[in-house]
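Order of the sequence lines fixes the chain letters, A, B, ..., with proteins taken first and strands second; residue numbering starts at 1 for each chain.
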Amino acid sequence: MGSDNIEEITSLKCSSCGGDLAKGTRTQYDEEEEEDVTVPIARCIQCNLEYDQHTTEYYALFADDFTYDKDSTLFKLGLKGKIKGIEYEIIGRLRYQEEDEYDKCTWDEWVAVSAEGTYHYFTEEDGRIYSYEEYIPESIDMESSEKYIEFEGKKINKEEGYIGRIVLAEGELPWKPEIGEPLLCYDFKKGGVHYTVEKSEDEVSITKGERLTHGQIIDAFNIENLKEVYSSTVKKRDVFKWKSRIYIAAMTLSLAMGIYSCFGDVPVPGVMNSKKILVDNVRTQDVEGTVYESQVLFGPFEIPEGDRLYDVTVGVDEKIQKLHLEWQSFRFMLISENRLNEASGGKQDDPAVLKEVFEDIDALPEPLESYVIMGDFWDEEGRDSDGYWHESDLSYNTDFVLDEAGKYYAYMEIYNNNVKNINAVAFSVSKVKSYRYYIILFFVFFIFWGIAKTRSKVYNELPFEMSDM
Amino acid sequence: MSSMNCTSCGAPVEIKNRFSRIFVCGYCGTHLKVGDSGLDIAGKYPKLAEFPSIFSLGSKGAILGKPFTALGRMRYGYPGGHYDEWFIDLDGDKAWFTEDEGTYTLYTDLYEAVDIPDIYTIKPGQNIMVGDKKVMVKEKGRAVVEGGEGELYFYVEPGTEVIYMDAVSEGKKVSVEYTENEVEMFAGRPLLRRDIVVEN
């Protein structure tokens with residue numbers, strides 16, 4: 001039970017031939033990674049016998065790799081303090097390495113004696129502190145089934161157990177540990193209380209406990225040299241916490257504005273109020289056969305702001321005439337009133353002049369239009385391996401930006417494979433609220449929030465890890 | 001309470017508890033068996049070495065609010081330490097109080113001559129039936145009786161090896177002591193220092 005002097009390493013000799021052990025590596029298939037990985041291994045330099053992480057020899061040889069930061073801990077041997085009115089003195093310490101991990105994955109178990117005449121255990125793991133004391137459960141059955149342990153009515157899956165191996169022992173301990181000694185551990189919560197069941201070859205230990213903050217420990221053990229850095233760390237974390245809250249508020253606002261903007265487009269009024277039909281279903285012949293062409297000029301109408309995002313939708317108005325097993329192509333242009341005035345010699349109200357202008361529109365040295373789009377509408381049916389299908393595309397939508405505000409005409413050319421009602425193709429223009437900017441803002445704030453949130457948990461000026469409080 | 005004399009040195013012997021079966025003479029260290037017909041010498045052994053303990057022979061006070069008197073103790077040694085098992089009168093009943101490296105346990109329930117499975121095959125974590133009780137073994141170890149003083153309930157000759165088991169059952173701490181001659185099981189609870197008040 002009691003032992004004051006702990007031998008750190010008992011043997012570094014091969015148990016088979018007595019040869020020296022040396023650090024080495026081995027390549028093996030990793031089922032989780034699904035590929036070959038190189039892992040550390042202890043190997044006898046004489047007989048080449050390998051000792052993996054399931055052997056005590058491995059830990060005896062690699063102990064230094066798991067203890068290089070052994071002084072970066074909150075607790076120290078000999079520390080005395082008082083928690084909840086009970087005095088404690090830290091008398092010993094064990095460090096464990098998780099057996100399934102090749103990289104360093106350790107936790108420290110500090111053994112304390114209390115003025116109450118009990119052993120107490122403080123664990124430091126991943127920057128968290130837990131305080132444990134012996135517990136006698138109303139019922140415990142470690143053999144209740146192959147899969148489970150029964151603990152006061154709670155079933156604990158044995159697969160949740162993990163093995164820790166002792167890699168460091170110092171101070172006074174209730175028993176004499178050996179480097180590499182395995183300990184099967186179950187950590188679980190029941191009714192909000194933390195419990196551990198630890199089983200070694202010689203003993204089963206059952207403890208219950210609670211999480212303590214670093215601040216509680218620093219105050220309880222009156223660790224003067226850490227008080228200032230702890231206080232500073234906590235203040236900085238609080239600042240980051242507040243910042244993260246502000247960023248969440250900003251994210252929420254940006255998102256709300258973005259959503260509002262998505263549904264808040266403002267139509268440009270009267271775009272189709274004035275219409276001049278320049279050509280109406282004129283039959284022409286091209287390589288693909290007979291085509292009926294129409295030309296219509298709409299406007300003028302007011303584009304209220306330049307350098308602003310607008311949305312234009314051109315589509316078939318099936319209330320007027322359906323598109324059935326047909327196709328239509330269109331070309332849509334926005335032409336400023338001034339440019340049309342120039343091109344038509346001031347006769348933009350004369351259909352004959354306009355017709356001439358638009359017949360030569362593609363031959364002009366400078367484009368007449370400020371903006372142009374082209375598209376197709378179609379309605380088709382057929383049969384394939386899945387049977388009958390009928391599909392159509394009757395609308396085209398896009399965004400545009402004009403440099404200048406002012407009065408504009410909309411010129412539309414329509415090509416059909418049949419004679420079609422010229423009024424069956426309609427368009428609308430609307431001013432788009434800037435939801436994109438809000439989405440961008442949302443993501444910017446999201447990044448800031450992520451940084452602040454992370455720092456509110458990990459910012460640390462202490463000489464050891466301190467996780468979120 | 002009865003008064004007699006040590007059959008070895010003649011010193012006065014005062015048996016304070018009706019359950020006492022052994023008395024260790026405080027003058028000459030002779031172990032005396034307490035029988036109906038008087039005191040029989042069981043053996044003579046060196047006095048126990050003094051180690052700090054919260055009790056001394058005859059200590060009085062209260063445990064969990066009940067008055068107690070420390071009647072005697074057995075000391076067991078194991079690799080790396082020892083523990084004391086005090087035989088106490090607890091409010092008129094017999095009880096045992098163990099002190100092991102500063103930790104305290106009060107055992108009030110005694111199950112004598114219980115049946116247990118083969119002690120040598122038992123491992124920590126295993127369930128065993130001790131008498132009619134299902135207990136889970138927490139720890140198993142070996143200790144040697146170093147000696148005793150005062151009035152005792154059991155007599156195990158100093159130098160005898162015992163196998164002890166610490167276990168849990170039904171929310172109680174269970175201690176099983178196994179010698180060649182008998183097996184005793186105690187059930188009780190751990191104590192905090194504040195649970196124990198010593199008056200002298």
Counting only heavy atoms from other residues, nucleotides and ligands, does the tally under 6.0 Å from [atom1] of [X] exceed 12?
{"X": "Lys227(A)", "atom1": "NZ", "answer": "yes"}
{"X": "Glu159(A)", "atom1": "CD", "answer": "no"}
{"X": "Lys76(A)", "atom1": "NZ", "answer": "yes"}
{"X": "Lys33(B)", "atom1": "NZ", "answer": "no"}
{"X": "Lys190(A)", "atom1": "NZ", "answer": "yes"}
{"X": "Lys123(B)", "atom1": "NZ", "answer": "no"}
{"X": "Glu210(A)", "atom1": "CD", "answer": "yes"}

Derivation of the salt bridge (Lys or Arg N to Asp or Glu O under 4.0 Å) call for Arg194(B) and Glu116(A)
CA-CA 6 Å; Arg194(B) 62 172 168 239; Glu116(A) 294 279 24; 2.4 Å; yes
Which residue out of Asn127(B), Asp195(B), Ile196(B), Val168(B) racks up the most heavy-atom pairs below 4.5 Å with chain A?
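Of Asn127(B), Asp195(B), Ile196(B), Val168(B), Asn127(B) has the most heavy-atom pairs under 4.5 Å with chain A.
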So which of Met136(B), Lys140(B), Lys172(B), Lys134(B) has the biggest tally of heavy-atom pairs under 4.5 Å with chain A?
Met136(B)
Of the listed residues (Ser205(A), Pro137(A), Ser144(A), Ser139(A)), which shares the most heavy-atom pairs with chain B below a 4.5 Å separation?
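Most pairs with chain B among the choices: Pro137(A).
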Select, from Ile86(A), Val113(A), Asp141(A), the one with the greatest count of heavy-atom pairs under 4.5 Å involving chain B.
Asp141(A)
On a heavy-atom basis, which atom in [X] and which in [Y] lie closest, and how many Å separate them?
{"X": "Ile136(A)", "Y": "Pro190(B)", "value": "CD1-CD, 3.3 Å"}
{"X": "Glu203(A)", "Y": "Pro124(B)", "value": "N-CG, 3.6 Å"}
{"X": "Thr118(A)", "Y": "Thr103(B)", "value": "CA-CG2, 4.1 Å"}

Mind checking whether Lys173(B) and Glu134(A) have side chains closer than 4.5 Å, heavy atoms only?
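In contact.
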Given a strict heavy-atom distance threshold of 4.5 Å, which part of Glu99(B) is in contact with chain A: side chain, backbone, both, or neither?
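Contact with chain A involves no heavy atom of Glu99(B) at all.
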Sort Leu191(B) into side chain, backbone, both or neither according to what part of it lies under 4.5 angstrom from a heavy atom of chain A.
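Backbone only.
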What distance do Ile140(A) atom CD1 and Lys138(B) atom NZ have between them, rounded to the nearest 0.5 Å?
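So the gap between those two atoms works out to 9.0 Å.
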